[in-house]
Amino acid sequence: MCRDIIDNGTSTEGEKVRPHWEDGSLAYTIKKFGVVNRYNLREEFPAVTLRKTAIKSCTDEMLWIWQRKSNNIHDLKSTVWDEWADETGSIGKAYGYQMAQRHPYRDINIADLVTAFGPNYMDHVTKETDDNGIVWYMDQVDRVIYDLKTHPFSRRIMTNIYTHADLSEMHLYPCAYSMTFNVTVDKETGKHVLNAILNQRSQDILAANNWNVCQYSVLVYMLAQVCDMLPGELVHVIADAHIYDRHIPLVEELIQRETHPAPKFWLNPEIHDFYEFTTDDIRLDDYVTGPQIKNIPIAV
């Protein structure tokens, strides 16, 4: 992918671009449109071995958005969002904020709620009544879990945090903005298999590609375990896959490195409630990598 972007991509040099470097100069890229990568999570865990991906830190960010549904960096252990936070730590109405918003759903019944969340299902929904009857309110994450457990072959199981009405109050528009889940059946075992598509409008390939791939792979593993399924494929769709001008020498060196066998992913088998997972419940074993690249400049 990196070789293809550098050799066959187009440059934004000289164009009117928003990102800039810390010294104030404009940050140009070489980019390709519509990059699609497929990862079969049953064959191997897709952590790059050319350098180390911090699996616990990227998982913590995913849980910050999907589990804690937070938009405040004080709830996050890493510093990856510090550039976009205000004096209170907020990144505005972005990411976790959008996941926490409850929306009305009518096609919900109590029996299915118990199946999805157990006897404490009211922790996950609110109930109101209007002229047309009962209206249940549920956020996007709980809706995914609810549908996977009760209507696994629905073609409507997805999240989307690119909310146009709130964009002006987001400190950064969502890059990874949508997940679509789709369940198939394993022909050998008859078990349900959880697959997902991650849609991304833009990606800084050096800084973020494997970070995003790993964290959403972990999400698929977690949701599959919670819903008694097998992890399947993660399909990653990137509309604007780019390498920044100051990153090109780093990428050129990186892709010349020796590769190693994929690590083995461990997920605590005792956890069956998505909201109980912590970063202590994941691990990469036999993860052999090249040296880390330090002090990567980040365009903002």
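- Counting only heavy atoms from C-beta outward, the side chains of L63 and I65 never approach each other to under 4.5 Å.
- Considering OG1 of T12 and NZ of K31, their distance stands at 7.5 Å, rounded to 0.5 Å.
- In this structure, the side chains of F274 and L223 come closer than 4.5 Å at one or more pairs of heavy atoms.
- No hydrogens or angles considered: nothing links the side chains of D82 and T79 as a donor-acceptor pair under 3.5 Å.
- Side chains of R42 and D186 form a contact here, defined as non-hydrogen atoms less than 4.5 Å apart.
- Side-chain N/O atoms of D240 and Q203 include no donor and acceptor closer than 3.5 Å.
- Between D281 and E270, the closest side-chain pair of non-hydrogen atoms is not below 4.5 Å.
- Nearest heavy-atom pair, I5 versus A241, reported as atom, atom and distance to 0.1 Å: CD1-O, 3.9 Å.
- Side-chain contact check for E61 and W211: at least one donor-acceptor pair (N or O, by modelled atom type) lies under 3.5 Å.
- Side-chain atoms of N72 and T88 include no donor-acceptor pair closer than 3.5 Å.
- Closest approach of V220 to G232, counting heavy atoms only: CG1-N, 4.4 Å.
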- [ ] Decide ring-ring contact (aromatic ring centres under 6.0 Å, His included) for Y275 and H124; before the verdict, give the C-alpha distance in whole Å, the side-chain angles of both, and the deciding distance to 0.1 Å.
- [x] CA-CA 11 Å; Y275 294 99; H124 302 271; 5.5 Å; yes
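- In this structure, the side chains of R246 and Y28 stay at 4.5 Å or more apart for every pair of heavy atoms.
- Pairing each heavy atom of L41 with each of P46, the nearest pair is CD2-CD, 3.7 Å.
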- [ ] Output, in order, the C-alpha distance, side-chain angles, deciding distance and verdict of side-chain contact (heavy atoms from CB on, under 4.5 Å) for V226 and K149.
- [x] CA-CA 9 Å; V226 164; K149 287 190 174 184; 3.8 Å; yes
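- Each of K32, H242, M1 was checked for a side-chain contact (heavy atoms from CB on, under 4.5 Å) with I205, and the lone residue meeting it is M1.
- Of the charged side-chain nitrogens involved, none lies within less than 4.0 Å of a carboxylate oxygen, so that D142 and R102 do not count as a salt-bridged pair.
- Atoms NZ and NE2, on K93 and H171 in that order, are 11.0 Å from each other to the nearest 0.5 Å.
- A distance of 5.0 Å separates CZ of F277 from CE of M222, quoted to the nearest 0.5 Å.
- Residues D23 and S25 have side chains that bring a donor and an acceptor to within less than 3.5 angstrom of each other.
- A side-chain donor-acceptor contact under 3.5 Å links Q225 to the backbone of N268.
- For the pair M158 and S178, the minimum side-chain heavy-atom distance is below 4.5 Å.
- Two residues are said to be in side-chain contact when any heavy atoms from C-beta on lie closer than 4.5 Å; V48 and V213 fail this criterion.
- Remark: D228 engages K191 in a salt bridge, criterion side-chain N to carboxylate O under 4.0 Å.
- In this structure, the side chains of D245 and E13 stay at 4.5 Å or more apart for every pair of heavy atoms.
- Annotation: K69, atom NZ; neighbour count of heavy atoms from other residues, nucleotides and ligands within 6.0 Å is above 12.
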TODO: List the steps and the verdict of side-chain contact (heavy atoms from CB on, under 4.5 Å) for I296 and L206.
DONE: CA-CA 9 Å; I296 296 174; L206 177 63; 3.9 Å; yes
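- The cluster map of Ile, Leu, Val, Met, Phe, Trp and Tyr, joined by side-chain heavy atoms under 4.5 Å apart, puts I248 and I293 in the same cluster.
- With hydrogens and angles left out, the side-chain atoms of Q140 and Q98 include no donor and acceptor closer than 3.5 Å.
- In the displayed structure, Q101 atom CD is contacted under 6.0 Å by more than 12 heavy atoms of other residues, nucleotides or ligands.
- Taking the charged nitrogens against the carboxylate oxygens, R155 and D147 have no contact shorter than 4.0 Å, which rules out a salt bridge.
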Open item on the list: side chain to side chain donor-acceptor pair (under 3.5 Å) for N199 and T180? Distances and angles first, verdict last.
Closed with: CA-CA 8 Å; N199 277 295; T180 303; 4.6 Å; no
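- Sorted by first and then second residue, the side chain to side chain donor-acceptor pair (under 3.5 Å) pairs with a member in residues 46-58 read T53-N210; sequence neighbours excluded.
- The CG atom of L219 sits 5.0 Å away from atom CE of M62, with the distance rounded to the nearest 0.5 Å.
- Between W66 and Y216, the ring-plane angle classifies as perpendicular under the 30° and 60° cut-offs.
- I157 and V237 are assigned to two separate hydrophobic clusters, defined by single-linkage of ILVMFWY side chains at heavy-atom distances under 4.5 Å.
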TODO: Show the numbers, then the answer: is there a side-chain contact (heavy atoms from CB on, under 4.5 Å) between N182 and F153?
DONE: CA-CA 7 Å; N182 190 275; F153 290 97; over 6 Å; no
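- The pair D75-R68 does not count as a salt bridge, with every side-chain nitrogen at least 4.0 angstrom from each carboxylate oxygen.
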Task: Pair I55-T59, side-chain contact (heavy atoms from CB on, under 4.5 Å): steps then yes or no - done: CA-CA 6 Å; I55 189 65; T59 298; 4.1 Å; yes
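- Residues in residues 95-115 take part in these ring pair (Phe, Tyr, Trp, His ring centres under 6.0 Å) pairs, two or more places apart or across chains: W81-Y95.
- More than 12 heavy-atom neighbours from other residues, nucleotides or ligands sit within 6.0 angstrom of CD on E83.
- The two residues L167 and P174 have their closest heavy-atom pair at CD2-CD, 4.3 Å.
- Nearest heavy atoms, Y287 versus T289: CE1-CG2, 3.3 Å.
- With hydrogens and angles disregarded, a donor-acceptor distance shorter than 3.5 Å links the side chain of D86 to the backbone of S90.
- Summarising the local packing, CZ of R156 is surrounded by 12 or fewer heavy atoms from other residues, nucleotides or ligands at distances under 6.0 Å.
- Across all non-hydrogen atoms, the minimal contact from M99 to D139 is O-CB, 3.1 Å.
- Atom CD1 of I282 sits about 11.0 Å away from atom OG of S217, to the nearest 0.5 Å.
- Side-chain atoms of H20 come within 3.5 Å of backbone atoms of V300 as a donor-acceptor pair (strictly under, hydrogens ignored).
- Applying the ring pair (Phe, Tyr, Trp, His ring centres under 6.0 Å) test to every pair with at least one member in residues 247-272, sequence neighbours left out, gives these pairs: W21-H247, F45-F265, Y221-F265, Y244-H247.
- Here E233 contributes atom CD and E43 contributes atom CD; the two are 8.5 Å apart, rounded to the nearest 0.5 Å.
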